[in-house]
Amino acid sequence: MATLPPNKTLCFLETITAKKEYIINDEEYYHHLLHHLTGINHGDESCTKDDRTLLQHDAFAHSVQTVSREIGHVEDAAPIERLFKAYRTGTTEDVIAIDDSMNEKEAECTRRLLATRALIDKRADVLDFCVTRGGFAYDDTFKGLANSLRHCEHPKTYGVLQRSEFRKEHPHKSLAEIAATFDIGGTHPVDW
(Lines give C-alpha, C1' and ligand atoms only; values in the text may rest on other atoms or scores of the structure.)
Protein backbone atom coordinates (compact mmCIF):
# COMPACT_ATOMS: atom_id res chain seq x y z
CA MET A 1 0.00 0.00 0.00
CA ALA A 2 1.38 3.39 -0.96
CA THR A 3 1.55 6.08 1.67
CA LEU A 4 0.47 9.70 1.65
CA PRO A 5 2.72 12.55 2.74
CA PRO A 6 2.24 13.41 6.44
CA ASN A 7 -0.60 15.85 7.19
CA LYS A 8 -1.95 15.53 3.62
CA THR A 9 -5.72 15.62 3.53
CA LEU A 10 -7.59 14.39 0.49
CA CYS A 11 -10.67 15.91 -1.08
CA PHE A 12 -13.72 13.80 -1.95
CA LEU A 13 -12.77 12.40 -5.35
CA GLU A 14 -9.16 11.91 -4.25
CA THR A 15 -10.39 9.94 -1.23
CA ILE A 16 -12.65 7.72 -3.33
CA THR A 17 -9.86 7.07 -5.84
CA ALA A 18 -7.27 6.37 -3.15
CA LYS A 19 -9.63 3.87 -1.47
CA LYS A 20 -10.37 2.08 -4.73
CA GLU A 21 -6.66 1.91 -5.55
CA TYR A 22 -5.84 0.57 -2.04
CA ILE A 23 -3.69 3.60 -1.23
CA ILE A 24 -5.74 4.22 1.92
CA ASN A 25 -7.63 1.87 4.22
CA ASP A 26 -11.15 2.17 5.65
CA GLU A 27 -10.06 4.23 8.65
CA GLU A 28 -8.21 6.70 6.43
CA TYR A 29 -11.17 6.82 4.03
CA TYR A 30 -13.48 7.90 6.85
CA HIS A 31 -10.88 10.31 8.23
CA HIS A 32 -10.46 12.16 4.92
CA LEU A 33 -14.19 12.33 4.21
CA LEU A 34 -15.33 13.26 7.70
CA HIS A 35 -12.58 15.87 8.12
CA HIS A 36 -14.59 18.00 5.66
CA LEU A 37 -17.20 18.47 8.41
CA THR A 38 -14.72 20.80 10.14
CA GLY A 39 -14.91 23.18 7.17
CA ILE A 40 -11.72 22.22 5.37
CA ASN A 41 -11.97 22.95 1.65
CA HIS A 42 -8.39 22.54 0.35
CA GLY A 43 -8.65 26.02 -1.20
CA ASP A 44 -10.89 24.49 -3.86
CA GLU A 45 -14.56 25.21 -4.47
CA SER A 46 -15.15 21.63 -5.63
CA CYS A 47 -15.23 20.67 -1.94
CA THR A 48 -18.34 22.70 -1.32
CA LYS A 49 -20.28 22.54 -4.58
CA ASP A 50 -22.96 19.92 -5.15
CA ASP A 51 -20.91 17.41 -7.11
CA ARG A 52 -23.36 14.87 -8.54
CA THR A 53 -20.48 12.83 -9.99
CA LEU A 54 -19.70 11.88 -6.39
CA LEU A 55 -23.12 10.29 -6.15
CA GLN A 56 -22.30 8.02 -9.09
CA HIS A 57 -19.05 6.85 -7.51
CA ASP A 58 -19.73 6.92 -3.77
CA ALA A 59 -23.12 7.81 -2.31
CA PHE A 60 -21.67 8.13 1.19
CA ALA A 61 -19.03 10.64 0.06
CA HIS A 62 -21.78 12.65 -1.63
CA SER A 63 -23.78 12.60 1.59
CA VAL A 64 -20.77 13.87 3.58
CA GLN A 65 -20.30 16.64 1.04
CA THR A 66 -23.98 17.60 1.31
CA VAL A 67 -23.91 17.62 5.11
CA SER A 68 -20.67 19.63 5.21
CA ARG A 69 -22.28 22.21 2.96
CA GLU A 70 -25.64 22.42 4.76
CA ILE A 71 -24.73 22.47 8.44
CA GLY A 72 -22.45 24.70 10.44
CA HIS A 73 -19.09 23.05 10.82
CA VAL A 74 -18.06 20.97 13.81
CA GLU A 75 -14.94 21.92 15.73
CA ASP A 76 -13.53 18.42 15.83
CA ALA A 77 -14.36 15.44 13.64
CA ALA A 78 -12.67 12.95 16.02
CA PRO A 79 -15.89 11.99 17.89
CA ILE A 80 -17.60 11.37 14.54
CA GLU A 81 -14.65 9.28 13.37
CA ARG A 82 -14.85 7.25 16.62
CA LEU A 83 -18.53 6.58 15.98
CA PHE A 84 -17.83 5.34 12.45
CA LYS A 85 -15.02 3.15 13.78
CA ALA A 86 -17.50 1.64 16.25
CA TYR A 87 -19.91 1.15 13.36
CA ARG A 88 -17.27 -0.79 11.41
CA THR A 89 -15.67 -2.77 14.22
CA GLY A 90 -18.04 -2.68 17.21
CA THR A 91 -21.64 -3.40 18.04
CA THR A 92 -24.82 -1.39 17.72
CA GLU A 93 -24.60 -0.76 21.48
CA ASP A 94 -21.13 0.77 20.96
CA VAL A 95 -22.57 3.07 18.30
CA ILE A 96 -25.45 4.11 20.57
CA ALA A 97 -23.09 4.80 23.50
CA ILE A 98 -20.93 7.10 21.38
CA ASP A 99 -24.00 8.83 19.94
CA ASP A 100 -25.29 9.40 23.49
CA SER A 101 -21.99 11.06 24.45
CA MET A 102 -22.05 13.58 21.58
CA ASN A 103 -23.44 17.08 21.69
CA GLU A 104 -26.68 17.49 19.75
CA LYS A 105 -25.10 19.14 16.70
CA GLU A 106 -22.56 16.32 16.31
CA ALA A 107 -25.19 13.66 16.96
CA GLU A 108 -27.62 15.08 14.39
CA CYS A 109 -24.93 15.30 11.74
CA THR A 110 -23.60 11.85 12.58
CA ARG A 111 -26.98 10.11 12.61
CA ARG A 112 -27.80 11.56 9.23
CA LEU A 113 -24.56 10.21 7.76
CA LEU A 114 -24.76 6.96 9.69
CA ALA A 115 -28.29 6.32 8.40
CA THR A 116 -27.01 6.67 4.84
CA ARG A 117 -24.01 4.41 5.50
CA ALA A 118 -26.21 1.80 7.20
CA LEU A 119 -28.62 1.87 4.28
CA ILE A 120 -25.78 1.40 1.78
CA ASP A 121 -24.35 -1.47 3.84
CA LYS A 122 -27.80 -2.91 4.62
CA ARG A 123 -27.12 -2.72 8.39
CA ALA A 124 -30.72 -2.94 9.57
CA ASP A 125 -29.77 -2.71 13.26
CA VAL A 126 -27.93 0.60 12.90
CA LEU A 127 -30.44 1.98 10.40
CA ASP A 128 -33.23 1.20 12.87
CA PHE A 129 -31.39 3.11 15.61
CA CYS A 130 -30.86 6.13 13.34
CA VAL A 131 -34.39 6.41 11.97
CA THR A 132 -35.96 5.69 15.39
CA ARG A 133 -33.88 8.29 17.22
CA GLY A 134 -34.17 10.68 14.27
CA GLY A 135 -33.32 14.34 14.76
CA PHE A 136 -32.10 14.88 11.21
CA ALA A 137 -33.44 15.73 7.78
CA TYR A 138 -33.45 13.06 5.09
CA ASP A 139 -31.41 14.24 2.12
CA ASP A 140 -31.93 13.28 -1.51
CA THR A 141 -29.15 10.69 -1.34
CA PHE A 142 -30.90 8.85 1.49
CA LYS A 143 -34.29 9.12 -0.19
CA GLY A 144 -32.92 7.77 -3.46
CA LEU A 145 -31.22 4.83 -1.76
CA ALA A 146 -34.32 4.08 0.32
CA ASN A 147 -36.66 4.20 -2.66
CA SER A 148 -34.43 1.94 -4.75
CA LEU A 149 -34.20 -0.78 -2.07
CA ARG A 150 -36.44 -3.76 -2.77
CA HIS A 151 -37.75 -6.26 -0.23
CA CYS A 152 -36.06 -9.17 -2.00
CA GLU A 153 -32.63 -7.47 -1.75
CA HIS A 154 -32.60 -7.24 2.04
CA PRO A 155 -35.88 -7.93 3.87
CA LYS A 156 -34.66 -6.69 7.30
CA THR A 157 -33.44 -3.33 6.02
CA TYR A 158 -36.55 -2.96 3.87
CA GLY A 159 -38.72 -3.72 6.92
CA VAL A 160 -36.94 -1.07 9.01
CA LEU A 161 -37.66 1.52 6.34
CA GLN A 162 -41.30 0.47 5.94
CA ARG A 163 -41.96 0.79 9.71
CA SER A 164 -40.11 4.09 10.09
CA GLU A 165 -41.27 7.67 10.32
CA PHE A 166 -39.25 8.23 7.15
CA ARG A 167 -41.66 6.07 5.17
CA LYS A 168 -44.65 7.85 6.69
CA GLU A 169 -43.18 11.18 5.58
CA HIS A 170 -41.99 9.83 2.22
CA PRO A 171 -44.32 7.05 1.09
CA HIS A 172 -42.94 4.69 -1.50
CA LYS A 173 -45.05 4.71 -4.64
CA SER A 174 -45.49 1.69 -6.85
CA LEU A 175 -44.75 1.93 -10.54
CA ALA A 176 -48.50 1.79 -11.21
CA GLU A 177 -49.06 4.82 -8.93
CA ILE A 178 -46.27 6.73 -10.64
CA ALA A 179 -47.60 5.84 -14.08
CA ALA A 180 -51.11 6.93 -13.08
CA THR A 181 -49.74 10.40 -12.33
CA PHE A 182 -48.59 10.77 -15.92
CA ASP A 183 -51.28 8.84 -17.78
CA ILE A 184 -54.17 10.64 -19.41
CA GLY A 185 -56.35 11.99 -16.64
CA GLY A 186 -53.50 12.06 -14.10
CA THR A 187 -52.18 15.18 -12.43
CA HIS A 188 -49.42 15.43 -15.07
CA PRO A 189 -51.05 13.87 -18.15
CA VAL A 190 -48.90 12.85 -21.08
CA ASP A 191 -50.47 12.14 -24.44
CA TRP A 192 -48.72 8.88 -25.28
Side-chain angles (χ1 to χ4, degrees), residues 9-16 19 24 26-42 44-55 57-147 157 160-161 164-170:
T9 58
L10 302 177
C11 202
F12 294 101
L13 285 174
E14 291 174 315
T15 300
I16 295 166
K19 176 81 168 76
I24 61 174
D26 285 344
E27 189 170 340
E28 294 165 316
Y29 165 83
Y30 284 99
H31 171 75
H32 290 289
L33 290 180
L34 297 172
H35 194 65
H36 287 89
L37 298 173
T38 64
I40 189 168
N41 69 11
H42 313 283
D44 182 1
E45 288 183 22
S46 67
C47 273
T48 57
K49 71 176 185 171
D50 184 10
D51 187 352
R52 291 289 174 172
T53 59
L54 278 179
L55 188 56
H57 298 288
D58 188 324
F60 180 72
H62 184 262
S63 194
V64 173
Q65 184 187 52
T66 300
V67 168
S68 70
R69 193 176 55 255
E70 291 179 358
I71 67 165
H73 299 114
V74 297
E75 287 184 34
D76 183 12
I80 299 170
E81 288 183 45
R82 277 195 300 279
L83 187 131
F84 276 92
K85 183 172 185 171
Y87 168 77
R88 292 187 325 277
T89 62
T91 65
T92 305
E93 290 75 25
D94 296 333
V95 170
I96 293 169
I98 294 171
D99 182 84
D100 287 343
S101 71
M102 295 177 144
N103 69 49
E104 191 52 40
K105 181 179 182 178
E106 289 172 342
E108 176 186 323
C109 161
T110 303
R111 264 184 254 124
R112 180 175 169 178
L113 294 171
L114 191 58
T116 300
R117 181 82 256 171
L119 185 53
I120 292 166
D121 296 340
K122 316 271 187 305
R123 286 276 312 265
D125 55 342
V126 176
L127 179 62
D128 189 36
F129 159 71
C130 292
V131 297
T132 300
R133 183 143 317 167
F136 60 92
Y138 299 104
D139 61 26
D140 289 341
T141 303
F142 184 88
K143 291 176 197 174
L145 291 166
N147 289 332
T157 303
V160 166
L161 285 172
S164 71
E165 286 298 316
F166 164 77
R167 192 49 79 203
K168 291 174 188 166
E169 294 172 22
H170 306 280

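- Residues V160 and A124 share a closest heavy-atom pair of CG2-O, 3.7 Å.
- Taking CD of E106 as the start and CD of E75 as the end, the distance is 8.5 Å to the nearest 0.5 Å.
- Summarising the geometry of E14 relative to C11, their closest heavy-atom pair is OE1-N, 2.8 Å, with the distance given to 0.1 Å.
- Closest approach of L119 and A146 over heavy atoms only: CD2-N, 3.5 Å.
- Put simply, CD on E81 and CD1 on I98 are 12.0 Å apart, with the number rounded to the nearest 0.5 Å.
- Around the CD atom of E27, the shell of radius 6.0 Å holds no more than 12 heavy atoms that belong to other residues, nucleotides or ligands.
- Under 4.0 Å is where a charged nitrogen must lie from a carboxylate oxygen, and between D26 and K85 no such pair does.
- A donor-acceptor pair under 3.5 Å is formed between the side chain of S164 and the backbone N or O of L161.
- At least one donor-acceptor pair under 3.5 Å links the side chain of K105 to the backbone N or O of H73.
- Taking CZ from F60 and CZ from F84, the interatomic distance works out to 4.0 Å, rounded to the nearest 0.5 Å.
- Closest non-hydrogen pair, A61 versus I16, comes out as CB-CD1, 3.8 Å.
- Between the side chains of D139 and T66, no donor N or O sits under 3.5 Å from an acceptor N or O.
- Listed for the H35 side chain is no donor-acceptor partner under 3.5 Å among the backbone atoms of H32.
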Can you give each donor-acceptor pair under 3.5 Å made by side-chain atoms of residues 126-135, sequence neighbours left out, with the distance rounded to 0.1 Å?
| from | atom 1 | to | atom 2 | distance (Å) |
| --- | --- | --- | --- | --- |
| D128 | OD1 | T132 | OG1 | 3.2 |
| T132 | OG1 | D128 | O | 2.7 |
| R133 | NH1 | D99 | OD2 | 2.8 |
| R133 | NH1 | D100 | OD1 | 2.5 |
| R133 | NH2 | D100 | OD1 | 3.3 |

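- When each of T110, D121, T92, D94 is checked for a side-chain hydrogen bond (donor to acceptor under 3.5 Å, both in side chains) with Y87, only D121 meets the rule.
- Between N103 and E108 there is no side-chain heavy-atom pair separated by less than 4.5 Å.
- Using a 4.5 Å heavy-atom cutoff, the side chains of D76 and T38 are not in contact.
- Between H36 and L10, the closest heavy-atom pair is CE1-O, 3.3 Å.
- When side chains are defined from C-beta on, L113 counts as touching L37, because their heavy atoms get closer than 4.5 Å.
- Residues that satisfy the ring-ring contact (aromatic ring centres under 6.0 Å, His included) test with F166, not counting sequence neighbours, are Y138, F142, H170.
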